[in-house]
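This chain uses plain numbering: 1 for the first residue, then up along the sequence. Worth knowing before you read on, the calculation uses all heavy atoms, side chains too, and leaves out hydrogens, waters and symmetry mates.
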Amino acid sequence: MGKTSKDKRDIYYRRAKEEGWRARSAFKLLQIDNECHILDGVNKAVDLCAAPGSWSQVLSRRLNENYKKALETGNATPPKIVAVDLQAMAPIEGVIQIQGDITNINTAKQIISHFDNEQADLVVCDGAPDVTGLHDMDIYIQSQLLLAALNITTHILRKGGTFVAKIFRAKDVTLLYAQLKIFFPYVYCTKPSSSRNSSIEAFVVCKDYSPPEGYEPHMLNPLLTHEPCDFNELTGVNRVIVPFVVCGDLSQPDSDTCYPLDFEGKEYTYHEPVQAPIAPPYEEALSLLEDRDTDFRRFDVNVVVDNLNSMTIADFKKQAKQKNKETNENKVTKLQDSKNDDNNEDILGLDQLMSAQLSNESDNKDNTT
(Lines give C-alpha, C1' and ligand atoms only; values in the text may rest on other atoms or scores of the structure.)
Protein backbone atom coordinates (compact mmCIF):
# COMPACT_ATOMS: atom_id res chain seq x y z
CA MET A 1 0.00 0.00 0.00
CA GLY A 2 1.47 3.28 -1.10
CA LYS A 3 1.63 6.70 0.50
CA THR A 4 0.20 8.81 -2.30
CA SER A 5 -2.87 10.98 -1.86
CA LYS A 6 -4.74 8.67 -4.24
CA ASP A 7 -4.16 5.74 -1.91
CA LYS A 8 -5.19 7.77 1.11
CA ARG A 9 -8.50 8.67 -0.53
CA ASP A 10 -9.17 4.97 -1.27
CA ILE A 11 -11.65 3.53 1.18
CA TYR A 12 -10.15 0.03 0.82
CA TYR A 13 -6.72 1.41 1.60
CA ARG A 14 -7.99 2.83 4.86
CA ARG A 15 -10.09 -0.21 5.72
CA ALA A 16 -7.16 -2.55 5.15
CA LYS A 17 -5.10 -0.63 7.67
CA GLU A 18 -7.99 -0.50 10.11
CA GLU A 19 -8.72 -4.25 9.88
CA GLY A 20 -5.10 -5.38 9.91
CA TRP A 21 -4.70 -6.53 6.31
CA ARG A 22 -1.27 -6.17 4.75
CA ALA A 23 -2.70 -4.80 1.51
CA ARG A 24 -6.02 -3.64 0.10
CA SER A 25 -5.98 -6.68 -2.21
CA ALA A 26 -7.32 -8.76 0.68
CA PHE A 27 -10.80 -7.41 -0.08
CA LYS A 28 -10.54 -8.73 -3.63
CA LEU A 29 -10.26 -12.33 -2.43
CA LEU A 30 -12.98 -11.78 0.18
CA GLN A 31 -15.37 -10.41 -2.43
CA ILE A 32 -14.56 -13.21 -4.87
CA ASP A 33 -15.32 -15.73 -2.14
CA ASN A 34 -18.61 -14.02 -1.30
CA GLU A 35 -19.66 -14.31 -4.93
CA CYS A 36 -18.17 -17.65 -6.01
CA HIS A 37 -17.76 -19.48 -2.64
CA ILE A 38 -14.25 -20.64 -3.48
CA LEU A 39 -13.26 -21.22 0.18
CA ASP A 40 -16.14 -23.50 1.15
CA GLY A 41 -14.82 -26.85 2.37
CA VAL A 42 -11.19 -25.96 1.64
CA ASN A 43 -8.61 -27.55 3.94
CA LYS A 44 -5.37 -27.27 1.93
CA ALA A 45 -4.60 -24.08 0.02
CA VAL A 46 -1.65 -22.64 -1.89
CA ASP A 47 -0.99 -18.94 -2.39
CA LEU A 48 1.30 -18.31 -5.37
CA CYS A 49 3.11 -14.98 -5.70
CA ALA A 50 2.00 -14.35 -2.13
CA ALA A 51 4.00 -11.25 -1.09
CA PRO A 52 3.20 -9.15 0.84
CA GLY A 53 0.77 -11.76 2.21
CA SER A 54 -2.72 -10.25 2.26
CA TRP A 55 -4.28 -13.22 0.45
CA SER A 56 -2.49 -15.61 2.82
CA GLN A 57 -4.05 -13.68 5.69
CA VAL A 58 -7.51 -14.20 4.21
CA LEU A 59 -6.87 -17.90 3.66
CA SER A 60 -5.61 -18.31 7.22
CA ARG A 61 -8.64 -16.61 8.71
CA ARG A 62 -11.29 -18.34 6.59
CA LEU A 63 -9.78 -21.83 6.69
CA ASN A 64 -9.51 -21.66 10.47
CA GLU A 65 -13.19 -20.68 10.58
CA ASN A 66 -13.98 -23.72 8.42
CA TYR A 67 -11.94 -25.89 10.79
CA LYS A 68 -13.84 -24.67 13.86
CA LYS A 69 -17.17 -25.35 12.16
CA ALA A 70 -16.01 -28.82 11.17
CA LEU A 71 -15.00 -29.58 14.76
CA GLU A 72 -18.55 -28.89 15.91
CA THR A 73 -19.92 -31.56 13.60
CA GLY A 74 -17.21 -34.20 14.14
CA ASN A 75 -13.55 -34.95 13.49
CA ALA A 76 -11.64 -32.45 11.39
CA THR A 77 -8.12 -31.99 10.09
CA PRO A 78 -6.28 -28.73 10.82
CA PRO A 79 -5.90 -26.62 7.69
CA LYS A 80 -2.60 -26.15 5.89
CA ILE A 81 -1.62 -23.11 3.84
CA VAL A 82 1.54 -22.78 1.76
CA ALA A 83 2.62 -19.35 0.48
CA VAL A 84 5.16 -19.16 -2.35
CA ASP A 85 7.03 -16.11 -3.62
CA LEU A 86 10.47 -15.18 -4.92
CA GLN A 87 10.59 -12.43 -2.29
CA ALA A 88 10.72 -13.08 1.42
CA MET A 89 7.80 -11.79 3.47
CA ALA A 90 7.05 -11.42 7.16
CA PRO A 91 5.73 -14.57 8.87
CA ILE A 92 1.99 -15.20 9.12
CA GLU A 93 0.56 -17.44 11.81
CA GLY A 94 -0.54 -20.76 10.38
CA VAL A 95 1.07 -20.18 6.97
CA ILE A 96 4.06 -22.14 5.64
CA GLN A 97 6.30 -19.96 3.51
CA ILE A 98 8.43 -21.10 0.61
CA GLN A 99 10.79 -18.68 -1.09
CA GLY A 100 10.97 -20.20 -4.55
CA ASP A 101 10.19 -19.98 -8.26
CA ILE A 102 6.77 -21.14 -9.40
CA THR A 103 8.27 -22.21 -12.75
CA ASN A 104 10.50 -24.79 -11.08
CA ILE A 105 9.38 -28.37 -10.50
CA ASN A 106 11.24 -28.46 -7.18
CA THR A 107 8.87 -25.80 -5.84
CA ALA A 108 5.90 -28.02 -6.67
CA LYS A 109 7.54 -30.94 -4.90
CA GLN A 110 8.13 -28.83 -1.78
CA ILE A 111 4.49 -27.76 -1.71
CA ILE A 112 3.20 -31.33 -1.96
CA SER A 113 5.63 -32.49 0.73
CA HIS A 114 4.11 -30.00 3.18
CA PHE A 115 0.69 -31.55 2.45
CA ASP A 116 1.98 -35.03 3.38
CA ASN A 117 2.24 -35.90 -0.33
CA GLU A 118 -1.39 -34.95 -0.86
CA GLN A 119 -2.66 -32.32 -3.25
CA ALA A 120 -4.28 -28.97 -2.53
CA ASP A 121 -7.97 -28.09 -2.65
CA LEU A 122 -7.38 -24.51 -3.79
CA VAL A 123 -4.64 -22.58 -5.59
CA VAL A 124 -4.75 -18.78 -5.80
CA CYS A 125 -2.39 -16.38 -7.54
CA ASP A 126 -2.50 -12.60 -7.26
CA GLY A 127 0.86 -12.11 -8.95
CA ALA A 128 1.52 -9.45 -11.56
CA PRO A 129 4.67 -8.16 -13.28
CA ASP A 130 6.18 -4.76 -12.65
CA VAL A 131 4.26 -2.82 -15.27
CA THR A 132 6.34 -0.92 -17.80
CA GLY A 133 3.61 1.29 -19.26
CA LEU A 134 3.86 -0.59 -22.56
CA HIS A 135 0.42 -2.19 -22.37
CA ASP A 136 1.00 -4.92 -24.95
CA MET A 137 4.18 -5.98 -23.19
CA ASP A 138 2.53 -5.90 -19.74
CA ILE A 139 -0.43 -7.96 -20.94
CA TYR A 140 1.85 -10.53 -22.54
CA ILE A 141 4.03 -10.91 -19.44
CA GLN A 142 0.95 -11.24 -17.24
CA SER A 143 -0.47 -13.95 -19.48
CA GLN A 144 2.82 -15.86 -19.27
CA LEU A 145 2.79 -15.51 -15.49
CA LEU A 146 -0.75 -16.90 -15.40
CA LEU A 147 0.29 -19.86 -17.56
CA ALA A 148 3.24 -20.50 -15.24
CA ALA A 149 0.83 -20.52 -12.30
CA LEU A 150 -1.45 -22.88 -14.21
CA ASN A 151 1.49 -25.13 -15.00
CA ILE A 152 2.47 -25.59 -11.37
CA THR A 153 -1.21 -25.90 -10.44
CA THR A 154 -1.49 -29.03 -12.58
CA HIS A 155 1.12 -30.58 -10.28
CA ILE A 156 -0.36 -29.62 -6.92
CA LEU A 157 -4.16 -29.31 -7.38
CA ARG A 158 -6.40 -32.30 -6.79
CA LYS A 159 -9.14 -33.24 -9.23
CA GLY A 160 -12.22 -31.18 -8.53
CA GLY A 161 -10.15 -28.35 -7.03
CA THR A 162 -10.36 -24.62 -7.72
CA PHE A 163 -7.86 -22.22 -9.30
CA VAL A 164 -8.07 -18.40 -9.01
CA ALA A 165 -5.63 -16.04 -10.69
CA LYS A 166 -5.25 -12.44 -11.80
CA ILE A 167 -5.65 -11.72 -15.48
CA PHE A 168 -5.31 -8.61 -17.64
CA ARG A 169 -8.27 -8.23 -19.93
CA ALA A 170 -7.24 -7.61 -23.53
CA LYS A 171 -8.34 -8.46 -27.05
CA ASP A 172 -6.61 -11.86 -26.95
CA VAL A 173 -7.89 -12.88 -23.53
CA THR A 174 -10.17 -15.48 -25.14
CA LEU A 175 -7.06 -17.52 -25.94
CA LEU A 176 -6.28 -17.78 -22.23
CA TYR A 177 -9.87 -18.73 -21.52
CA ALA A 178 -9.62 -21.51 -24.10
CA GLN A 179 -6.42 -22.81 -22.50
CA LEU A 180 -8.05 -22.78 -19.06
CA LYS A 181 -11.15 -24.55 -20.39
CA ILE A 182 -8.96 -27.52 -21.28
CA PHE A 183 -8.46 -28.21 -17.57
CA PHE A 184 -11.56 -26.64 -15.98
CA PRO A 185 -15.12 -27.07 -17.24
CA TYR A 186 -16.22 -23.96 -15.30
CA VAL A 187 -14.27 -20.75 -15.95
CA TYR A 188 -15.49 -17.36 -14.75
CA CYS A 189 -14.09 -13.86 -15.06
CA THR A 190 -14.74 -11.68 -12.01
CA LYS A 191 -14.10 -8.02 -11.23
CA PRO A 192 -14.32 -7.28 -7.48
CA SER A 193 -15.58 -3.86 -6.51
CA SER A 194 -12.32 -3.30 -4.61
CA SER A 195 -10.44 -3.52 -7.92
CA ARG A 196 -10.09 -0.04 -9.38
CA ASN A 197 -12.08 0.67 -12.52
CA SER A 198 -9.03 2.31 -14.06
CA SER A 199 -7.19 -1.02 -13.84
CA ILE A 200 -7.49 -3.64 -16.58
CA GLU A 201 -7.07 -6.40 -14.04
CA ALA A 202 -9.69 -9.05 -13.45
CA PHE A 203 -9.68 -12.52 -11.90
CA VAL A 204 -10.42 -15.90 -13.43
CA VAL A 205 -12.18 -18.40 -11.21
CA CYS A 206 -11.72 -21.95 -12.50
CA LYS A 207 -13.64 -24.75 -10.78
CA ASP A 208 -13.71 -28.56 -10.91
CA TYR A 209 -10.18 -29.32 -12.09
CA SER A 210 -10.49 -32.06 -14.71
CA PRO A 211 -7.31 -32.61 -16.76
CA PRO A 212 -7.65 -34.33 -20.15
CA GLU A 213 -7.52 -38.09 -20.11
CA GLY A 214 -3.94 -39.27 -20.19
CA TYR A 215 -2.49 -35.86 -19.40
CA GLU A 216 0.67 -35.90 -17.30
CA PRO A 217 1.82 -32.60 -15.72
CA HIS A 218 5.31 -31.64 -16.81
CA MET A 219 7.69 -28.68 -16.91
CA LEU A 220 9.82 -29.70 -19.86
CA ASN A 221 10.20 -26.21 -21.24
CA PRO A 222 14.00 -25.72 -21.31
CA LEU A 223 13.56 -21.98 -20.86
CA LEU A 224 12.07 -22.65 -17.43
CA THR A 225 14.04 -25.60 -16.13
CA HIS A 226 17.37 -24.88 -17.87
CA GLU A 227 17.59 -28.58 -18.68
CA PRO A 228 17.47 -30.36 -22.05
CA CYS A 229 14.23 -32.12 -22.89
CA ASP A 230 13.17 -34.74 -25.43
CA PHE A 231 9.74 -33.99 -26.83
CA ASN A 232 9.70 -37.45 -28.44
CA GLU A 233 9.01 -38.85 -24.98
CA LEU A 234 5.63 -37.12 -24.91
CA THR A 235 2.60 -39.06 -26.10
CA GLY A 236 -1.10 -38.43 -26.57
CA VAL A 237 -2.44 -35.13 -25.31
CA ASN A 238 0.98 -34.27 -23.90
CA ARG A 239 2.50 -34.09 -27.38
CA VAL A 240 0.45 -31.13 -28.62
CA ILE A 241 2.89 -28.28 -29.22
CA VAL A 242 1.97 -24.97 -30.84
CA PRO A 243 4.61 -24.23 -33.51
CA PHE A 244 6.38 -20.90 -33.76
CA VAL A 245 7.00 -19.81 -37.36
CA VAL A 246 9.49 -17.08 -38.29
CA CYS A 247 8.47 -15.22 -41.47
CA GLY A 248 11.31 -13.88 -43.60
CA ASP A 249 15.02 -14.49 -44.03
CA LEU A 250 17.83 -13.51 -41.69
CA SER A 251 19.52 -11.64 -44.55
CA GLN A 252 16.59 -9.24 -44.83
CA PRO A 253 16.70 -5.83 -43.09
CA ASP A 254 15.86 -5.75 -39.40
CA SER A 255 12.78 -3.71 -38.54
CA ASP A 256 14.40 -2.49 -35.31
CA THR A 257 17.56 -1.14 -36.99
CA CYS A 258 18.06 2.38 -38.39
CA TYR A 259 19.56 2.25 -41.88
CA PRO A 260 20.92 5.20 -43.95
CA LEU A 261 18.68 6.71 -46.64
CA ASP A 262 21.02 5.58 -49.40
CA PHE A 263 20.83 1.89 -48.55
CA GLU A 264 22.56 -0.83 -50.60
CA GLY A 265 23.83 1.71 -53.15
CA LYS A 266 20.35 2.95 -54.07
CA GLU A 267 19.86 6.71 -54.06
CA TYR A 268 17.01 7.79 -51.85
CA THR A 269 14.01 9.39 -53.57
CA TYR A 270 11.07 10.82 -51.66
CA HIS A 271 7.61 9.54 -52.60
CA GLU A 272 4.29 10.99 -51.54
CA PRO A 273 2.01 8.76 -49.47
CA VAL A 274 -0.25 6.54 -51.51
CA GLN A 275 -3.27 7.78 -49.54
CA ALA A 276 -3.03 10.97 -47.52
CA PRO A 277 -5.16 11.29 -44.36
CA ILE A 278 -8.70 12.38 -45.12
CA ALA A 279 -9.23 14.44 -41.95
CA PRO A 280 -5.89 14.75 -40.14
CA PRO A 281 -5.96 16.10 -36.57
CA TYR A 282 -3.31 18.65 -37.47
CA GLU A 283 -5.38 20.25 -40.24
CA GLU A 284 -6.72 23.01 -37.98
CA ALA A 285 -3.21 23.70 -36.65
CA LEU A 286 -1.94 24.23 -40.20
CA SER A 287 -4.74 26.70 -40.89
CA LEU A 288 -3.77 28.68 -37.79
CA LEU A 289 -0.14 28.84 -38.92
CA GLU A 290 -1.24 30.50 -42.17
CA ASP A 291 -2.11 33.57 -40.10
CA ARG A 292 1.34 34.97 -39.36
CA ASP A 293 -0.01 37.23 -36.59
CA THR A 294 -0.20 34.19 -34.33
CA ASP A 295 2.57 31.65 -34.57
CA PHE A 296 1.94 28.98 -31.94
CA ARG A 297 5.30 27.39 -32.69
CA ARG A 298 7.06 30.27 -30.95
CA PHE A 299 7.91 29.64 -27.33
CA ASP A 300 7.72 33.31 -26.34
CA VAL A 301 4.04 33.86 -27.14
CA ASN A 302 2.36 34.83 -23.86
CA VAL A 303 -1.42 34.90 -23.70
CA VAL A 304 -3.47 36.05 -20.72
CA VAL A 305 -6.93 34.49 -20.80
CA ASP A 306 -9.73 35.75 -18.56
CA ASN A 307 -12.82 33.70 -17.64
CA LEU A 308 -11.47 30.61 -19.35
CA ASN A 309 -14.27 28.39 -18.08
CA SER A 310 -16.91 30.34 -19.97
CA MET A 311 -14.95 30.61 -23.22
CA THR A 312 -15.25 28.45 -26.30
CA ILE A 313 -12.27 27.30 -28.32
CA ALA A 314 -13.07 29.82 -31.03
CA ASP A 315 -13.16 32.64 -28.46
CA PHE A 316 -9.87 31.48 -27.01
CA LYS A 317 -8.19 31.54 -30.43
CA LYS A 318 -9.64 34.98 -31.17
CA GLN A 319 -8.45 36.37 -27.84
CA ALA A 320 -5.04 34.78 -28.32
CA LYS A 321 -4.64 36.53 -31.66
CA GLN A 322 -5.78 39.85 -30.20
CA LYS A 323 -3.44 39.60 -27.23
CA ASN A 324 -0.54 38.72 -29.46
CA LYS A 325 -1.32 41.62 -31.80
CA GLU A 326 -1.47 44.06 -28.89
CA THR A 327 1.83 42.73 -27.58
CA ASN A 328 3.52 43.30 -30.94
CA GLU A 329 2.09 46.82 -31.22
CA ASN A 330 3.36 47.67 -27.74
CA LYS A 331 6.80 46.42 -28.67
CA VAL A 332 6.84 48.60 -31.80
CA THR A 333 5.67 51.64 -29.83
CA LYS A 334 8.32 51.16 -27.17
CA LEU A 335 11.00 50.78 -29.84
CA GLN A 336 9.96 54.02 -31.53
CA ASP A 337 9.86 55.88 -28.19
CA SER A 338 13.32 54.60 -27.40
CA LYS A 339 14.69 55.90 -30.71
CA ASN A 340 13.09 59.33 -30.14
CA ASP A 341 14.65 59.54 -26.68
CA ASP A 342 18.07 58.75 -28.11
CA ASN A 343 17.69 61.49 -30.75
CA ASN A 344 16.67 64.04 -28.12
CA GLU A 345 19.70 63.19 -26.00
CA ASP A 346 22.01 63.60 -28.99
CA ILE A 347 20.53 67.02 -29.85
CA LEU A 348 20.83 68.17 -26.25
CA GLY A 349 24.47 67.17 -26.12
CA LEU A 350 25.25 68.98 -29.41
CA ASP A 351 23.74 72.25 -28.11
CA GLN A 352 25.85 72.09 -24.98
CA LEU A 353 29.00 71.48 -27.02
CA MET A 354 28.31 74.46 -29.33
CA SER A 355 27.65 76.85 -26.42
CA ALA A 356 30.89 75.77 -24.73
CA GLN A 357 32.81 76.36 -27.98
CA LEU A 358 31.39 79.90 -28.39
CA SER A 359 32.27 80.70 -24.78
CA ASN A 360 35.88 79.65 -25.33
CA GLU A 361 36.19 81.78 -28.47
CA SER A 362 34.91 84.91 -26.66
CA ASP A 363 37.41 84.40 -23.83
CA ASN A 364 40.30 84.16 -26.30
CA LYS A 365 39.29 87.46 -27.94
CA ASP A 366 39.21 89.27 -24.60
CA ASN A 367 42.68 88.00 -23.71
CA THR A 368 44.10 89.19 -27.04
CA THR A 369 42.64 92.66 -26.58
Side-chain angles (χ1 to χ4, degrees), residues 25 28-29 45-53 55-56 59 81-89 97-115 119-120 122-132 134-158 161-170 172-184 187 189 200-207 209 211-212 215-229 231 234 237-238 240-242 244:
S25 57
K28 300 175 185 178
L29 186 60
V46 179
D47 184 8
L48 303 177
C49 305
W55 278 29
S56 295
L59 292 174
I81 304 168
V82 176
V84 184
D85 200 288
L86 281 173
Q87 299 178 356
M89 63 182 189
Q97 296 186 22
I98 297 177
Q99 189 172 356
D101 186 357
I102 65 172
T103 64
N104 196 314
I105 185 63
N106 292 328
T107 304
K109 292 179 180 179
Q110 290 183 51
I111 294 173
I112 295 176
S113 65
H114 287 293
F115 291 147
Q119 293 178 309
L122 171 69
V123 178
V124 297
C125 179
D126 189 31
D130 294 332
V131 293
T132 63
L134 303 174
H135 299 301
D136 291 341
M137 176 66 73
D138 295 335
I139 292 169
Y140 172 77
I141 297 175
Q142 175 62 25
S143 65
Q144 296 303 305
L145 181 62
L146 187 148
L147 291 177
L150 174 63
N151 199 7
I152 194 173
T153 297
T154 59
H155 291 78
I156 61 180
L157 186 64
R158 66 169 177 81
T162 303
F163 173 62
V164 180
K166 180 183 290 187
I167 190 172
F168 285 174
R169 294 172 298 166
D172 296 327
V173 72
T174 52
L175 175 61
L176 285 174
Y177 293 155
Q179 292 171 308
L180 293 171
K181 289 283 288 185
I182 296 175
F183 299 93
F184 300 90
V187 178
C189 180
I200 62 174
E201 74 168 6
F203 295 88
V204 285
V205 178
C206 310
K207 290 186 174 183
Y209 175 57
Y215 175 79
E216 295 179 2
H218 61 86
M219 289 186 179
L220 294 179
N221 188 339
L223 296 178
L224 299 181
T225 61
H226 306 288
E227 296 178 359
C229 62
F231 290 103
L234 304 179
V237 294
N238 302 302
V240 178
I241 301 174
V242 178
F244 178 79

| Going from CG on Leu150 to CD on Gln179, what distance comes out if it is rounded to the nearest 0.5 angstrom? | 8.0 Å
| message | Working to the nearest 0.5 angstrom, can you tell me the gap between Ser56 OG and Ile81 CD1? | response | 7.0 Å
| field | Test side-chain hydrogen bond (donor to acceptor under 3.5 Å, both in side chains) applied to Lys166 - qualifying residues, sequence neighbours left out | value | Asp126, Glu201
| remark: Sequence neighbours excluded, the answer for side-chain hydrogen bond (donor to acceptor under 3.5 Å, both in side chains) partners of Ser25 is Ser54
| query | If we ignore angles and hydrogens, is there a donor and acceptor under 3.5 Å between the side chains of Asp138 and Thr132? | reply | yes
| Tell me, do Ile200 and Ile139 make a side-chain contact under 4.5 Å, heavy atoms counted? | yes
| field | Side chains of Thr154 and Pro211 in contact at under 4.5 Å (non-hydrogen atoms) | value | no
| said: Minimum heavy-atom separation for Ala120 and Leu157, please, with both atom names. | reply: O-CD1, 3.4 Å
| field | Residues which pass ring-ring contact (aromatic ring centres under 6.0 Å, His included) with Phe115, listed by chain and number, not counting sequence neighbours | value | none
| field | Which atom of Gln99 lies closest to which atom of Leu86, heavy atoms considered | value | NE2-O, 3.1 Å
| said: Once rounded to the nearest 0.5 Å, what's the spacing between atom NZ of Lys207 and atom CG of Leu122? | reply: 10.5 Å
| task | Could you label the plane-to-plane angle of the Trp55 and Phe203 rings as parallel, tilted or perpendicular, counting under 30° as parallel and over 60° as perpendicular? | result | tilted
| request: Return the minimal non-hydrogen interatomic distance between Leu145 and Ala128, and the atom names on each side. | output: CD2-N, 3.6 Å
| query | side-chain hydrogen bond (donor to acceptor under 3.5 Å, both in side chains) with Asp85: which residues, sequence neighbours excluded? | reply | none
| Result of checking Thr107, Ile105, Ile112 against Lys109 for side chain to side chain contact (heavy atoms under 4.5 Å, CB included) | Ile105
| Phe184 to Gly161 - nearest heavy-atom pair and separation | CE2-O, 4.0 Å
| message | Under the criterion side-chain contact (heavy atoms from CB on, under 4.5 Å), I'd like the reasoning laid out for Leu146 against Leu180: C-alpha separation, chi angles, the key distance, then a yes or no. | response | CA-CA 10 Å; Leu146 187 148; Leu180 293 171; 4.2 Å; yes
| remark: Applying side-chain hydrogen bond (donor to acceptor under 3.5 Å, both in side chains) to Gln142 and not counting sequence neighbours gives none
| query | Which class fits the ring pair Phe183 and Tyr209: parallel under 30°, tilted 30 to 60°, perpendicular over 60°? | reply | parallel
| said: Does anything in residues 148-158 form a salt bridge (Lys or Arg N to Asp or Glu O under 4.0 Å)? List the pairs, not counting sequence neighbours. | reply: Asp121-Arg158
| Over all atoms of both residues, closest heavy-atom pair of Leu176 and Ser143 | CD1-CB, 3.7 Å
| Roughly how far apart are Ile111 CD1 and Asp47 CG, rounded to 0.5 Å? | 10.0 Å
| note | Of all heavy-atom pairs linking Ile156 and Gln119, the shortest is O-CB, 3.2 Å
| query | Do Leu59 and Leu29 come within less than 4.5 Å of each other through their side chains, counting heavy atoms only? | reply | yes
| message | So, taking the atom named OH in Tyr177 and the one named NZ in Lys181, what distance separates them when rounded to the nearest 0.5 Å? | response | 12.0 Å
